[in-house]
Protein chains: 2
Amino acid sequence: MNGYVSDAVVRRLPGYYRHLRELEENGVVQISSQELGERMSLTPSQIRQDINCFGGFGRQGYGYPVHELKEHIGEILGLNRKHRMAIIGAGRIGNAVSRYPSFRREGFETVAMFDSDPALMTEEDDGIGIYDISRLEELLPEMDISIAVLAVPATAAQKTADRLYACGVRAIWNFAPVDLQHPADMEVVNVHMSDTLHILSYRMAHPDADRK
Amino acid sequence: MNGYVSDAVVRRLPGYYRHLRELEENGVVQISSQELGERMSLTPSQIRQDINCFGGFGRQGYGYPVHELKEHIGEILGLNRKHRMAIIGAGRIGNAVSRYPSFRREGFETVAMFDSDPALMTEEDDGIGIYDISRLEELLPEMDISIAVLAVPATAAQKTADRLYACGVRAIWNFAPVDLQHPADMEVVNVHMSDTLHILSYRMAHPDADRK
DNA sequence: CTTCACATGTGAATCTTTTAACAATTTAAT
DNA sequence: ATTAAATTGTTAAAAGATTCACATGTGAAG
């Protein structure tokens, strides 16, 4: 139990959470680093090392208790908290995210959308209002938003991020294919879907390259 | 110029490509590792090290030629090739991907969609046919698909991936929140959007943690 | 033509991450 | 009650990635 969670471990945490939840749903109550490693394509050694840094869950000769470990990782990830999200850009991606049911189940609730296309300005069937983006400064600060989902075109992304910061937003989940410049007190995580497609393209072009 | 491209470098390649294209669009013809590093939040040293592994582009006292470097990275990524994609699962995510215009521009063309919901079985306005997923084995092998976009619910993902493999598909761009088991001769890259949201949640819960 | 500032390529040093190894503990079986 | 098999926590070693430092080459200015 060493306490410090390195960035390499943080990147794997959502994967642990996902697999443990799935195991729990299937009624599995206990799992060894060996077995979990096979599922996740990690070495048992790495799994023990990872879990050990927030320590004390395993029992020798037995393994790890699935439910308890999942809950603990969920807490480390902050999944016990609730988040109110605003979606900026009500195009296909923005809508896909706002309707994706598992986010809401995990405490990420979409409470409003903003777009520049007036055709979309309407109360949606699910009760999420869509507002003109020109009203961002007027409406957003009242909404108690903790996460903004940025799903605008690349060309508008930086300017919009700046406006969001000015409205008090301190966390952006960015779907625009752009690396945003941002103050240190605003967190930004990028989805950058096309990057993953490019990596697939790379692997197809170099089937020989050993992945390490 | 050492030739071997490590996985850490491959993961950064799409970012280089993105930034270089943007620079090129803005008419920038030359850039130093210093300046590029500021844009990308990488050290100049790392950039020189990265670019050096497929070598020989920079000129001392001058920097790197933007167009030439971009083109070369594009080739390494395999972006000179064309790909025909089939989208499996015509829900919001599947549709968002198939309509996203920049993929087509980069040579990734959606040629068909499959879904289990008969309400969707129709020729779309953009000419992309939507077929019942039960006809996968009948239709897909004829279509000369090189990439399948998997956008079905988590519960169906593994079974569907197995069927795709049986149909001859050897590359999957996976949007289902699942780590697929797959033969070594099939490439899979995951988007796992919710993982990035979980990482955002982690960072919000631990604003102190140094990101390294 | 000389000089100066700039910026790369590269080898070595440092830091991080992963893997290996094993003593210690638990479970289950006989 | 003993023993055998399983499996962790942890330390140490190995591998990998990043940063540093500097010699070397380039371009521009005087």
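In what follows, every chain begins at residue 1, and chains take the letters A, B, ... in the order their sequences are listed. Just the heavy atoms: all of them, side chains too, but no hydrogens, waters or symmetry mates, feed the values below.
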Any side-chain donor paired with an acceptor under 3.5 Å for [X] and [Y]?
X        : Y        : result
A/Tyr16  : A/Asp50  : yes
A/Asp162 : A/Gln158 : yes
A/Asp179 : A/His192 : yes
A/Asp185 : A/Tyr165 : yes
A/Ser33  : A/Arg48  : yes

From the 5' end of DNA chain C to its 3' end, which nucleotides mark the outer limits of contact with chain A, defined by a 4.0 Å heavy-atom distance cut-off (strictly under)?
C/dT17 to C/dT27
Check DNA chain D against residues 44-72 of chain B and give the residues with a non-hydrogen atom under 4.0 Å, in numerical order.
B/Ser45, B/Gln46, B/Arg48, B/Gln49, B/Arg59, B/Gln60, B/Gly61
Close residues, residues 6-37 of chain A, relative to DNA chain C [heavy-atom separation under 4.0 Å]:
A/Ser6, A/Ala8, A/Arg12
Evaluate B/Phe103 against B/Trp173 for ring pair (Phe, Tyr, Trp, His ring centres under 6.0 Å), listing each step before the verdict.
CA-CA 13 Å; B/Phe103 297 141; B/Trp173 192 21; 5.4 Å; yes
Inspect the contact between B/Arg21 and B/Glu106 and indicate whether a charged nitrogen and a carboxylate oxygen are less than 4.0 angstrom apart.
yes
Below 4.0 angstrom, N of the basic side chain to O of the carboxylate: do B/Arg163 and B/Glu137 qualify?
yes
B/Leu140, B/Leu139, B/Leu164 screened by side-chain contact (heavy atoms from CB on, under 4.5 Å) with B/Ile145, the one that passes:
B/Leu140
Does the plane of the ring in B/His198 sit parallel, tilted or perpendicular to the ring in A/Tyr17? Use 30° and 60° as the thresholds.
perpendicular
